[in-house]
**Student:** 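Next up is a structure, given as structure tokens.
Quick caveat: nothing in here was measured; it's all calculated off a predicted structure. Residue numbers count from 1 along this sequence. Counting starts at 1 for both ligands and their atoms, following the listed order.
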Amino acid sequence: MAVVRIPETGETLTDNEAIADYLAGCGIEYARWTAEHPVPADAPADEILSAYAKEIEMLKAKGGYVTADMIDVNPETPGLDTMLAKFNREHWHSEDEVRFIVAGHGLFHIHPKNGPVIAIEVEAGDLMSVPRETWHWFDLCSDRRIRAIRLFQDMSGWTPFYTESDTEKKFAPVCFGGAYLPVGAGTIS
Ligand SMILES: [Fe+2]
């Protein structure tokens, strides 16, 4: 289950409905998905995609997405830091950013045009859809692991365009949810 924090107001949301409502007000879709049948988080990609086929097809029809694939990174992934450095600065895409988390954790920061920055910590079972042109950035949590289904309208639209605002520097990329706390959180950069 996700945890949403609004650093400017000190507010924290942990209730699914409250999270979905707040994010909907910012144009972001949040939902919890349950697999059609039990599937281990480390199952091959095609098994995971088939376990969530119903939800994927519904979302494809609603959002005009044509492809679904899996992103899978862990601390041993070659070039992980280079990959992350592309997305941990405030940016936007000409494509929706749609992610369903299968394993691991991630921290999205969303910078709405008319509202305070939101930190959304996601974990297995969370679906998030960030509309195109929304300003945001992404960090991994201390487990440095995320496995997620991605949905695309057009994969070429996923190029990041940087705002160069440096807004991300004002927010520590620290995750608080689940059963762990990052060691030396203040030193994570
Ligand atoms: Fe992005």
Side-chain angles (χ1 to χ4, degrees), residues 2-7 19-20 22-31 33 45 55-56 59-60 62-75 77-175 177 188-189:
V3 177
V4 166
R5 284 174 290 119
I6 303 135
I19 289 172
Y22 187 88
L23 294 182
C26 305
I28 294 160
E29 180 177 351
Y30 171 78
W33 279 5
E55 284 85 355
I56 290 170
L59 207 52
K60 274 185 177 175
K62 195 165 80 172
Y65 309 110
V66 292
T67 54
D69 74 357
M70 294 274 290
I71 172 96
D72 196 343
V73 300
N74 60 61
T77 300
L80 180 58
D81 286 321
T82 308
M83 191 193 301
L84 288 174
K86 281 189 191 173
F87 302 113
N88 67 6
R89 287 190 284 140
E90 189 173 79
H91 65 274
W92 56 275
H93 309 275
S94 59
E95 162 96 4
D96 299 349
E97 188 160 324
V98 187
R99 302 288 180 269
F100 171 72
I101 315 304
V102 174
H105 298 82
L107 182 66
F108 287 90
H109 277 88
I110 307 288
H111 186 178
K113 293 276 186 294
N114 302 307
V117 168
I118 316 161
I120 309 166
E121 196 175 321
V122 290
E123 64 174 20
D126 291 326
L127 167 85
M128 225 180 83
S129 176
V130 180
R132 63 185 69 182
E133 296 178 11
T134 304
W135 291 3
H136 66 280
W137 63 96
F138 176 81
D139 293 278
L140 284 178
C141 294
S142 57
D143 55 359
R144 288 169 64 80
R145 161 124 179 84
I146 198 157
R147 191 169 196 218
I149 296 174
R150 309 185 294 185
L151 287 163
F152 295 98
Q153 287 140 338
D154 173 358
M155 280 182 91
S156 65
W158 201 49
T159 309
F161 297 99
Y162 299 103
T163 65
E164 308 293 355
S165 69
D166 284 346
T167 306
E168 71 279 357
K169 292 182 180 162
K170 299 178 197 153
F171 297 87
V174 177
C175 301
I188 291 175
S189 59

**Student:** Using the side chain to side chain contact (heavy atoms under 4.5 Å, CB included) definition, which of the options D126, L59, I101 pairs with W33?
**Tutor:** L59

**Student:** Once you measure the plane-to-plane angle for Y162 and H91, does it fall in the parallel (<30°), tilted (30-60°) or perpendicular (>60°) bin?
**Tutor:** perpendicular

**Student:** Does H136 reach the main-chain N or O of H109 with its side chain, forming a donor-acceptor pair under 3.5 Å?
**Tutor:** no

**Student:** Just checking, any donor-acceptor pair under 3.5 angstrom between side chains of E168 and N88?
**Tutor:** no

**Student:** Between R150 and E95, does any side-chain N to carboxylate O distance fall below 4.0 Å?
**Tutor:** no

**Student:** Answer yes when D166 and R89 have at least one side-chain N-carboxylate O distance shorter than 4.0 Å, and no when they do not.
**Tutor:** no

**Student:** Can you list, by chain and residue number, the protein N, O or S atoms under 2.8 Å from the Fe ion (ligand 1)?
**Tutor:** H91 NE2, H93 NE2, E97 OE1, H136 NE2

